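Structure record follows, encoded as structure tokens.
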Protein chains: 2
Amino acid sequence: MNFYSDFPKILVAVDAIIFGFNENEHELKLLLLKRQFAPEKGNWSLMGGFIDPEESLDNAAQRIVKKLTGLDQVYMEQLYAFGDVNRDAGGRIISVAYFSLIKINEHDSELVKKYGASWITISELPKLIFDHEEMVKRAMRKLRIRARTQPIGFELLPNKFTIPQLQRLYEAIYQVPFDKRNFRRKLLAMGLLEKLDEKEKETSKKGAFYYQFNKTKYGELLEKGLNFDL
Amino acid sequence: MNFYSDFPKILVAVDAIIFGFNENEHELKLLLLKRQFAPEKGNWSLMGGFIDPEESLDNAAQRIVKKLTGLDQVYMEQLYAFGDVNRDAGGRIISVAYFSLIKINEHDSELVKKYGASWITISELPKLIFDHEEMVKRAMRKLRIRARTQPIGFELLPNKFTIPQLQRLYEAIYQVPFDKRNFRRKLLAMGLLEKLDEKEKETSKKGAFYYQFNKTKYGELLEKGLNFDL
DNA sequence: CCAAAAGTGTTCATCGTACACCCATGT
DNA sequence: ACATGGGTGTACGATGAACACTTTTGG
């Protein structure tokens, strides 16, 4: 079981781009922290950590996200492996970036405080260490692509949500306004939403009906090749 | 410059999914080899190699492809990092897979012979070692996506090619027939092709006009957000 | 003259997009 | 009563899909 002992080993890390959305706001956010160790101590950074030889990349990514948010079972996808020789000023490290989508109201804010992390609006990102800005840019690009082909918007909203909330989310992701009539029509036409009898009354006097996502229908549609274009 | 010395290092490899196309045939091919060392010696495998601490991931991938094909400057894209703990029976290895597209007639067939490699039609793939089949599947998926959004078909054909050749390529990628009238119209409408005065006369008595790819036009279109849907 | 591949136009259905007014209700 | 956000329908242009015959020429 030790066939490759002559080859050089390398440090491998995982960095997590954690997207969050608050259904009452209009902006997508990223969970960033001030780095607590050298090099670049005190500067803004993504959450990261080294891979243990006993864990898979996917597990390491989950571990990192759980460490900062307390959340398990979040939407998570591998983004890209960053492997330039001098990308990290502290030594030669290959970093595999993952992005995850979480419901911002469900995370553990004590943990976030403990690590000196904050939710930062994507239009107001600070300078980040190393190649983390490139990671974020790439994650945004991939998120936009995913949001067209998979209903990942639902990962960022509570189980019950209104159509205007969903629209605000998509507008935050693409940074463009949508026509609300077309948006609603197209979305309902997919047959993935179930209307509830309950209304959300915080944001308007009239109130907006809650909907929920029908996972069974989604499974059926996936078979036939769903397109989720908005 | 040695801030992270307490953390465990891991073996990192690159595996290359090398796609090729012969403009006179109808099938997409993969360059595979019979592994020349244990474990799994003698079984079909992708070309791979370990990362040197002094080289980037991208450079390692280029090096691997050049080693087997003699080709430099080929289209190459990172596919995915495979990181399950037991994915390689020889030890814990993280492998970053890349896929590349080459013009099958331009490669160095001596090198290929030297490594015991062969071009295998994608519909007749043998069993592959470890998780290499998963890598190939994922590469096919990504290739299909790329072929819709970037004119990568041109990477797989000689500089001069005919429209029927290009159509055969796309049919090989998607494994579906296209209507030749629609295919031609859509393609020419993009304005990326320049008709030459010369004809290709091998495959038909009438002969088909050669075209070439206009890279300048392509650059212009990229700015405005090209869609290359067929 | 015939086989084999290249080349060419039109029609129809579908889908995306643009656009303006009424509704419900808390204050 | 009014301000605020929620909810609804239609018309037009663009785009994708289906479809059959003529052209060229080597053998």
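In this text the structure is predicted, and so the values were computed from the model without any measurement. Labels below follow one simple rule: chain letters A, B, ... track the order of the sequence lines, proteins then strands, and each chain is numbered from 1.
Under a 3.5 Å cut-off, the side chain of B:E155 and the backbone N or O of B:I152 do not form any donor-acceptor pair.
Below 30°, between 30° and 60°, or above 60°: for B:W119 and B:H107 the angle between ring planes is above 60°, a perpendicular geometry. The aromatic rings of A:F99 and A:Y75 lie tilted to each other, with the angle between the two planes from 30° to 60°. Between A:Y170 and A:Y174, the ring planes lie parallel to each other; the angle is under 30°, not in the 30° to 60° tilted range.
Against DNA chain C, the stretch residues 175-185 of chain A makes heavy-atom approaches under 4.0 Å through A:D179, A:R181, A:N182, A:R185.
Heavy-atom nearest nucleotides on DNA chain D were determined for B:K199 and for A:I163, and the one closer to the 5' end corresponds to A:I163. For the pair A:S204 and A:K186, both in contact range of DNA chain C, the more 5′-proximal nearest nucleotide belongs to A:K186.
B:M190 places its CE atom 12 Å from the P atom of D:dT15, with the value rounded to the nearest Å. Atom P of nucleotide D:dG26 and atom CD of B:E202 are separated by 13 Å, given to the nearest angstrom.
Partner of A:Y211 under the side chain to side chain contact (heavy atoms under 4.5 Å, CB included) criterion, chosen from A:N159, A:L166, A:L188, A:L196: A:L188.
Counting non-hydrogen atoms of neighbouring residues, nucleotides and ligands closer than 6.0 angstrom, the NZ atom of B:K217 reaches no more than 12 such neighbours.
Residue B:K201 has a polar side-chain atom (N or O) positioned under 4.0 Å from OP1 or OP2 of D:dG26.
A donor-acceptor contact under 3.5 Å is formed by the side chain of B:K206 with the base of D:dT23.
Nucleic acid contact class of B:T203 (heavy atoms, under 4.0 Å, all strands): sugar-phosphate only.
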